[in-house]
Amino acid sequence: MGQPRFLIVSRPPHSDPTRTGTVWRLLGANNRHLGQGEQAFADVAACLAAIGRMQRGLDRSRQVIAGVEHGQLWRWRLEIDGESIASSTRAYRRQRECQYSLGLFLAGARSAEPGPRPPALAPHPVPSGSPARGGLLRGSGG
């Protein structure tokens with residue numbers, strides 16, 4: 001299995017500016033989300049710089065676990081210098097599961113290196129006469 005890694009995601013333009021920009025997520029060795037950044041950035045370079053600042057500030061971070069949905073679910077949040085930097089990607093049914101998840105995030109964030117940004121995918125022309133044109137590809141059966 002691999003190591004935890006940061007995934008950089010560029011969101012397409014949106015009418016809500018908080019849903020536009022470049023964001024990061026931390027993936028575990030099994031590719032499950034361990035946590036996500038709380039801010040969107042103008043570009044990949046700014047996002048990578050924020051990841052570096054977060055990694056350098058982990059020792060002085062404040063970890064917050066709070067009940068949501070009237071205490072029925074739990075979420076964690078990481079603050080550095082009074083600023084919310086990262087949060088859980090989901091809510092947990094038990095507080096101890098939330099605490100465990102935060103521990104996994106902290107361990108992964110310390111050891112992970114930002115992953116490469118995937119190349120932009122351009123549409124590929126489909127040659128005429130190709131089975132992909134006009135329908136689904138089907139296996140040969142067996």
Side-chain angles (χ1 to χ4, degrees), residues 1-127 130-142:
M1 260 194 200
Q3 293 288 344
R5 63 187 166 80
F6 288 98
L7 176 67
I8 309 298
V9 180
S10 293
R11 296 178 179 169
H14 193 275
S15 59
D16 178 0
T18 63
R19 296 181 60 191
T20 299
T22 303
V23 296
W24 62 264
R25 295 182 185 129
L26 179 63
L27 303 180
N30 60 359
N31 287 325
R32 292 204 178 183
H33 289 161
L34 299 178
Q36 63 191 6
E38 285 286 280
Q39 302 163 342
F41 302 93
D43 55 29
V44 174
C47 190
L48 291 172
I51 290 170
R53 284 191 304 275
M54 182 210 43
Q55 287 178 308
R56 290 187 300 275
L58 287 175
D59 291 336
R60 65 178 192 280
S61 67
R62 178 175 176 249
Q63 297 127 30
V64 178
I65 294 179
V68 295
E69 309 250 345
H70 304 292
Q72 297 297 311
L73 297 173
W74 298 88
R75 294 185 68 93
W76 62 262
R77 185 177 74 249
L78 188 70
E79 296 177 354
I80 298 176
D81 300 330
E83 184 178 1
S84 186
I85 300 296
S87 66
S88 56
T89 55
R90 68 180 190 94
Y92 298 88
R93 295 184 134 211
R94 293 180 177 87
Q95 185 179 9
R96 71 174 181 257
E97 291 171 345
C98 188
Q99 181 70 43
Y100 179 76
S101 170
L102 174 58
L104 289 176
F105 173 85
L106 292 170
R110 282 186 173 92
S111 66
E113 299 221 7
R117 184 172 186 220
L121 297 177
H124 295 285
V126 178
S130 168
R133 185 173 281 228
L136 297 172
L137 290 175
R138 295 197 176 126
S140 59

Is there a side-chain contact between [X] and [Y] (heavy atoms, below 4.5 Å)?
X	Y	value
Asn31	Arg5	yes
Ile51	Leu26	no
Ile80	Arg53	no
Ile65	Arg75	no

(request) Check the surroundings of atom CZ in Arg96: do more than 12 heavy atoms from other residues, nucleotides or ligands lie under 6.0 Å from it? (result)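 No.
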
Cut-off 3.5 Å, no hydrogens considered: what does the side-chain donor-acceptor table look like for residues 35-46, sequence neighbours left out?
{"unit_1": "Glu38", "atom_1": "OE1", "unit_2": "Ser84", "atom_2": "OG", "d": "3.4"}
{"unit_1": "Glu38", "atom_1": "OE2", "unit_2": "Ser87", "atom_2": "OG", "d": "2.6"}
{"unit_1": "Gln39", "atom_1": "NE2", "unit_2": "Glu83", "atom_2": "OE2", "d": "2.3"}
{"unit_1": "Asp43", "atom_1": "OD1", "unit_2": "Ala45", "atom_2": "N", "d": "3.4"}
{"unit_1": "Asp43", "atom_1": "OD1", "unit_2": "Ala46", "atom_2": "N", "d": "2.8"}

(request) Assign the ring pair Phe105 / Trp76 to parallel, tilted or perpendicular, where the plane angle (0 to 90°) is split at 30° and 60°. (result)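 It falls in the tilted class, 30° to 60°.
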
Which atoms form the tightest heavy-atom contact between [X] and [Y], and what is the distance?
X	Y	result
Ser61	Gln63	OG-NE2, 3.3 Å
Ala112	Pro4	CB-O, 3.2 Å
Arg94	Trp74	C-CD1, 3.6 Å
Arg60	Arg56	NH1-O, 3.9 Å
Phe6	Gln55	CE1-NE2, 3.5 Å

[atom1]/[X] to [atom2]/[Y] distance, rounded to the nearest 0.5 angstrom?
X	Y	atom1	atom2	result
Thr22	Leu48	OG1	CG	9.0 Å
Arg77	Arg62	CZ	CZ	7.0 Å
Ile85	Met54	CD1	CE	8.0 Å
Leu106	Leu58	CG	CG	6.0 Å

